Chemist: 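One structure, pasted below without further comment.
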2 protein chains.
Amino acid sequence: MVAAGAQPGPRRRGRRPGGSDTRGQLLEAARVEFAERGYEGATVRRIADRAGVDAAMVNHWFGGKEALFTASLDIPIDPVELLADILPGDPEKIGERVVERFLTVWDATGGGPLAAMIQSIASHDAAARMMREFIGNVLVGRIVAAVSPDQHELRAGLCGAQVFGMGMVRYVLKFEPLASADHATLVAAVAPSIQRYLTGPLP
Amino acid sequence: MVAAGAQPGPRRRGRRPGGSDTRGQLLEAARVEFAERGYEGATVRRIADRAGVDAAMVNHWFGGKEALFTASLDIPIDPVELLADILPGDPEKIGERVVERFLTVWDATGGGPLAAMIQSIASHDAAARMMREFIGNVLVGRIVAAVSPDQHELRAGLCGAQVFGMGMVRYVLKFEPLASADHATLVAAVAPSIQRYLTGPLP
DNA sequence: GTCTATACAACGATAGAC
DNA sequence: GTCTATCGTTGTATAGAC
């Protein structure tokens with residue numbers, strides 16, 4: 001579609017006076033768009049639109065769509081807050097806190113971002129690599145480092161698989177009654193598995 | 001639609017054998033392409049090419065790409081074979097057989113189809129609905145119907161979540177060492193959870 | 001003046017619709 | 001088969017910083 005006659009704001013060409021943070025605004029817009037639409041669904045033009053700049057700025061500042069994507073994944077969520085909520089307390093009940101916490105986070109967002117993230121992971125190796133490193137080194141990695149006696153990486157993978165699967169079935173597949181079950185039911189059902197993956201005996 | 005070539009000889013009674021089955025060939029081609037490339041990755045032209053017909057046939061027979069997609073999902077895999085391999089034997093060891101069986105299936109395909117399926121589920125409501133019904137009514141549904149004492153749907157969802165998550169982390173995310181772990185290790189680690197979801201006590 | 005940030009235009013590719 | 005829309009990308013002119 002051609003630009004409509006009513007322009008929302010004729011953007012001037014040339015360098016902006018003052019400190020314009022185009023790069024930062026592109027990053028912010030990219031996080032939203034990638035989260036909402038996945039890697040394929042998000043378009044460079046739309047991200048640039050949201051940032052209020054031209055699409056060419058993506059190439060200028062990042063080199064392309066993929067580079068923008070990886071750059072935007074630097075801090076998807078705040079791990080400090082998450083870990084501060086999970087780690088303190090009885091180590092024998094950390095499985096319950098993990099399940100409860102992820103349910104709370106995903107319930108709030110409605111599952112859209114989770115579906116977008118899964119879609120990105122499944123369709124783009126770069127996204128899979130990013131998420132893999134993020135889960136292993138930051139999210140689950142720090143949990144197992146804090147509470148697991150051995151085999152930290154394997155435990156992290158098992159724990160991630162259980163949490164990921166629960167999110168997928170509940171929020172993406174929307175499989176009933178799991179999709180509508182309350183937190184207490186799911187915590188009681190799933191937490192023992194998480195607890196065993198984290199602190200229980202492993203082969 | 002073009003009929004088979006005019007053949008010399010006496011006129012046959014009844015339905016003519018070898019009539020062109022454009023619709024069926026499109027379905028078959030669509031299953032392969034959708035499985036290999038996901039919904040977005042598969043193109044109407046390529047499916048039609050594989051079927052040996054013109055792309056316009058997709059519109060003619062199905063009405064569009066999405067309708068072809070849903071139609072192609074009718075029978076993704078053969079559930080009879082799967083269940084015949086899992087159900088017989090000690091009910092207390094069915095968890096082990098479930099894990100072993102899915103690992104074998106997915107190891108053989110290398111995870112590509114799984115990634116494509118996950119991508120389709122995450123990006124298309126129609127795919128999610130299809131898979132939900134397929135899992136609930138056919139795959140896991142028959143397992144819980146055979147071995148679970150109660151709460152069949154919840155148990156099916158929990159079981160599906162664990163299996164799905166394991167496949168996602170192992171084949172799509174490729175999270176080590178889980179991605180390279182042998183079957184025995186994963187069966188020993190995951191089967192107890194599956195077993196509890198299927199036959200154990202639930203809240 | 002030089003350099004950099006910016007917007008605009010247009011290109012080649014591709015996919016879906018008609 | 002053709003048409004149209006849209007994608008990511010690139011080239012280029014311009015406005016302002018230094």
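Numbers restart at 1 for each chain; the letters A, B, ... are given by sequence-line order, proteins then strands. Every value quoted in this text rests on a predicted model; they were computed, and no experiment measured them.
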Chemist: Quick one: on DNA chain C, does A/Arg45 or A/Met57 contact a more 5' nucleotide (nearest heavy atom)?
Modeler: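 The residue closer to the strand's 5' end, by nearest nucleotide, is A/Met57.
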Chemist: From D/dT9, C/dT6, C/dC18, pick the nucleotide closest to the side chain of B/Asn59?
Modeler: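 Selected nucleotide: C/dC18.
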Chemist: Closest-nucleotide mapping onto DNA chain C: is A/His60 or A/Ala56 further toward the 5' terminus? I mean the 5' end.
Modeler: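 Nearer the 5' end of the strand: A/His60.
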Chemist: From the options C/dT6, D/dT9, D/dG8, select the nucleotide whose nearest atom is closest to the side chain of A/Thr43.
Modeler: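 Between C/dT6, D/dT9, D/dG8, the one nearest the side chain of A/Thr43 would be D/dG8.
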Chemist: Can you measure A/Phe62 atom CZ to D/dT9 atom C1' for me and round it to whole angstrom units?
Modeler: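 Taking atom C1' of D/dT9 as the reference, CZ of A/Phe62 is at 16 Å.
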Chemist: Quick one: B/Leu68 CG to C/dA17 C1', roughly how many Å, whole number?
Modeler: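 It works out to 15 Å between those atoms.
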Chemist: Provide, to the nearest angstrom, the distance between the CZ atom belonging to B/Arg46 and the P atom belonging to C/dT14.
Modeler: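 Answer to the nearest Å: 12 Å.
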Chemist: Whole angstroms only, please: what is the CD1-P distance between B/Ile47 and C/dA15?
Modeler: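 These atoms are roughly 11 Å apart.
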Chemist: When you get a sec, tell me which of C/dT6, C/dC18, D/dT9 is the closest nucleotide to the side chain of A/Val44?
Modeler: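 Nearest listed nucleotide: D/dT9.
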Chemist: Give, for atom CG of B/Asp54 and atom NE2 of B/His60, the distance between the pair rounded to the nearest 0.5 Å.
Modeler: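 Interatomic distance, B/Asp54 CG to B/His60 NE2, rounded to 0.5 Å: 12.0 Å.
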Chemist: Expressed as a whole number of angstroms, how long is the span from A/Trp61:CH2 to D/dT10:C1'?
Modeler: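 One finds 18 Å between C1' of D/dT10 and CH2 of A/Trp61, rounded.
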Chemist: Rounding to a whole Å, what distance do you find between A/Asp54:CG and D/dA15:P?
Modeler: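 Distance, rounded to whole Å: 16 Å.
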Chemist: Please list, chain by chain and in numerical order, all residues satisfying side chain to side chain donor-acceptor pair (under 3.5 Å) with A/Asp85, sequence neighbours excluded.
Modeler: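 For A/Asp85 the side chain to side chain donor-acceptor pair (under 3.5 Å) partners, ignoring immediate neighbours, are A/Arg101.
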Chemist: Between B/Arg97 (side chain only) and B/Ile86 (backbone N and O only), is there a donor and an acceptor less than 3.5 Å apart?
Modeler: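 Indeed, once roles are kept as given, a pair shorter than 3.5 Å links the two residues.
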Chemist: Is B/Gly64 touching bases, backbone alone, or none of the nucleic acid, heavy atoms closer than 4.0 Å?
Modeler: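 No contact.
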Chemist: Using the test salt bridge (charged side-chain N to carboxylate O under 4.0 Å, His left out), find all partners of B/Asp182 that sit at least two apart in sequence or belong to another chain.
Modeler: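 Salt bridge (charged side-chain N to carboxylate O under 4.0 Å, His left out) list for B/Asp182, sorted by chain: empty.
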